[in-house]
Amino acid sequence: MSNKIGNIFKGDKVIWMVFFFLCMISIIEVYSASSTLSYKSGNFMGPVIKHMAILVGGVFVMICMLKVKCKYFKIVTPFMIFISIVLLLWVLLAGQSTNGASRWISLVGIQFQPSEIAKGTLVLAVAQILSAMQNENGADKRAFKYILTISAVMIFPIMLENMSTAMLLCITIFFMMIIGRVPGKLLGKLAGIVLLTIVFAISMVMLLGHDEEKLAKTNDTFTEQVATEQPEKKNTVQKMFHRMDTWKARIDHFLDTKPVSPEEVDLDKDAQVAHANIAIASSNVMGKGPGNSVERDFLSQAFSDFIYAIIIEEMGVPGGLFVAFLYIILLFRTGRIANRCENNFPAFLAMGLAILLVTQALFNMAVAVGLAPVTGQPLPLISRGGTSSIINCMYVGIILSISRTAKKKEGADDRQTDPKLATA
């Protein structure tokens with residue numbers, strides 16, 4: 001019996017343990033944070049049962065990915081690139097809108113975000129480019145051009161509807177190029193160009209976007225004028241960049257360091273940030289205990305984007321640090337697996353997926369504790385989700401597949417067997 005179970009759950013045992021702890025925390029905290037969903041549905045256990053079913057489906061996908069040989073990931077890369085581009089264009093033209101952003105499409109009754117598929121596809125493509133163009137001195141210069149081309153094609157459509165996801169992808173690809181030994185001069189130039197682009201993009205957002213809340217406080221007449229002109233602008237110049245108003249409001253709110261007295265806090269307009277701060281502050285360091293959150297009833301998306309605030313409220317600062325530590329273990333353990341890989345492609349692929357998951361997790365935590373502007377990034381493998389949870393499980397399954405087939409490099413093996421090389 002134990003042998004059969006061992007054959008199913010192959011791969012790196014540490015990553016399996018990290019995944020297990022994240023799933024247990026997810027079930028406990030989603031059960032606690034889904035009080036609003038339970039109230040709306042009239043079913044107390046419904047949300048957590050659905051979440052557990054999704055996790056079970058994710059484990060099944062993980063096991064399937066675990067059994068796929070790494071060479072097959074190379075084969076599907078061109079097809080995944082084509083599918084991802086088609087889905088990204090589809091969501092721009094006919095996507096379903098949520099909170100003012102067209103991020104979702106429905107296919108065969110299943111609703112999902114094409115950006116979730118595109119993230120893994122881009123990491124897959126970059127890993128293949130870096131591995132195919134390696135030489136003794138690092139990656140060939142042409143690899144840099146190919147990576148920028150494929151990244152621009154896939155990141156730009158994502159950026160129009162989900163700026164935070166686009167930024168996380170850019171960070172992931174940049175770190176992958178560092179690991180892939182792309183020439184430092186090229187990376188330095190890219191960093192400078194990206195910095196200038198970010199400054200330009202923020203400037204355009206601040207100039208063209210309208211923070212309606214801020215305008216209402218300063219000039220009611222002008223606010224009414226903007227409201228009447230807005231539909232016309234969206235039909236021409238700003239139709240593609242309709243998220244500028246949201247981006248500007250978030251930037252203004254994040255940069256506003258003016259002290260606000262408790263009686264001046266507007267819990268209707270600043271509900272997410274305010275209740276997240278209350279949840280963290282009321283934890284009293286050690287937390288209230290699982291299931292004892294109060295702010296879950298007031299914090300919007302407590303089971304998703306702001307679940308980390310609920311984790312700190314219930315499990316305290318030690319619990320919050322433990323969750324962060326799990327993601328760090330995932331990253332460093334994947335680094336050890338990549339170091340054992342005999343070929344470059346699985347090493348780059350594993351590190352790219354790990355960086356993608358951990359960067360998103362750290363960014364979600366930064367938002368919850370007020371260190372970054374509010375975005376729509378869930379906490380991977382913990383937040384309540386649908387296809388995004390399954391796709392994250394798929395990423396972990398690919399890492400486990402690589403860990404199962406990773407071999408010691410010949411140089412490392414020689415040093416272990418030959419005492420002369422070990423002392424050299």
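Numbers for residues simply follow the sequence, beginning at 1.
No side-chain heavy atom of Leu381 sits less than 4.5 Å from a side-chain heavy atom of Cys23. Between Leu190 and Phe144, the closest side-chain pair of non-hydrogen atoms falls below 4.5 Å. Looking at Leu130 and Val182, their side chains come closer than 4.5 Å, going by heavy atoms from C-beta outward. Contact check for Leu356 versus Lys119: side-chain heavy atoms found under the 4.5 Å cut-off. Counting heavy atoms from C-beta on, the side chains of Ile337 and Ile15 come closer than 4.5 Å. Side-chain contact between Arg336 and Asp12 is absent, with no heavy-atom pair separated by less than 4.5 Å. The closest side-chain heavy-atom distance from Pro380 to Tyr327 is below 4.5 Å. Under the 4.5 Å side-chain criterion, counting only non-hydrogen atoms from C-beta, Ile179 is not in contact with Met176.
Around CE of Met167, the count of heavy atoms belonging to other residues, nucleotides or ligands within 6.0 Å does not exceed 12. Within a 6.0 Å radius of CE in Met286, other residues, nucleotides and ligands contribute 12 heavy atoms or fewer. Other residues, nucleotides and ligands place no more than 12 heavy atoms under 6.0 Å from the NZ atom of Lys50. At most 12 non-hydrogen atoms from other residues, nucleotides or ligands lie less than 6.0 angstrom from CZ of Phe175.
Using modelled atom types and a 3.5 Å distance limit, the side chains of Ser32 and Glu314 yield a donor-acceptor pair. A donor atom on one side chain and an acceptor atom on the other are found under 3.5 Å apart for Ser293 and Glu313.
Asp140 places a side-chain N or O within 3.5 Å of a backbone atom of Arg142 that can act as its donor or acceptor partner. Although no hydrogens or angles enter the test, the distance criterion places a donor-acceptor pair under 3.5 Å between the side chain of Ser282 and the main chain of Ala279. Ser401 contributes a side-chain N or O that, together with a main-chain N or O of Val68, makes up a donor-acceptor pair within less than 3.5 Å. The backbone N or O of Ile310 sits nowhere less than 3.5 Å from a side-chain atom of Arg296 that would complete a donor-acceptor pair. With hydrogens and angles disregarded, no donor-acceptor distance shorter than 3.5 Å links the side chain of Ser283 to the backbone of Gly316.
A side-chain contact (heavy atoms from CB on, under 4.5 Å) with Phe303 is found for one member of Glu29, His51, Arg384 and no other, namely Arg384.
Taking each heavy atom of Leu379 and Ile311 in turn, the nearest pair found is CD2-CD1, 4.3 Å.
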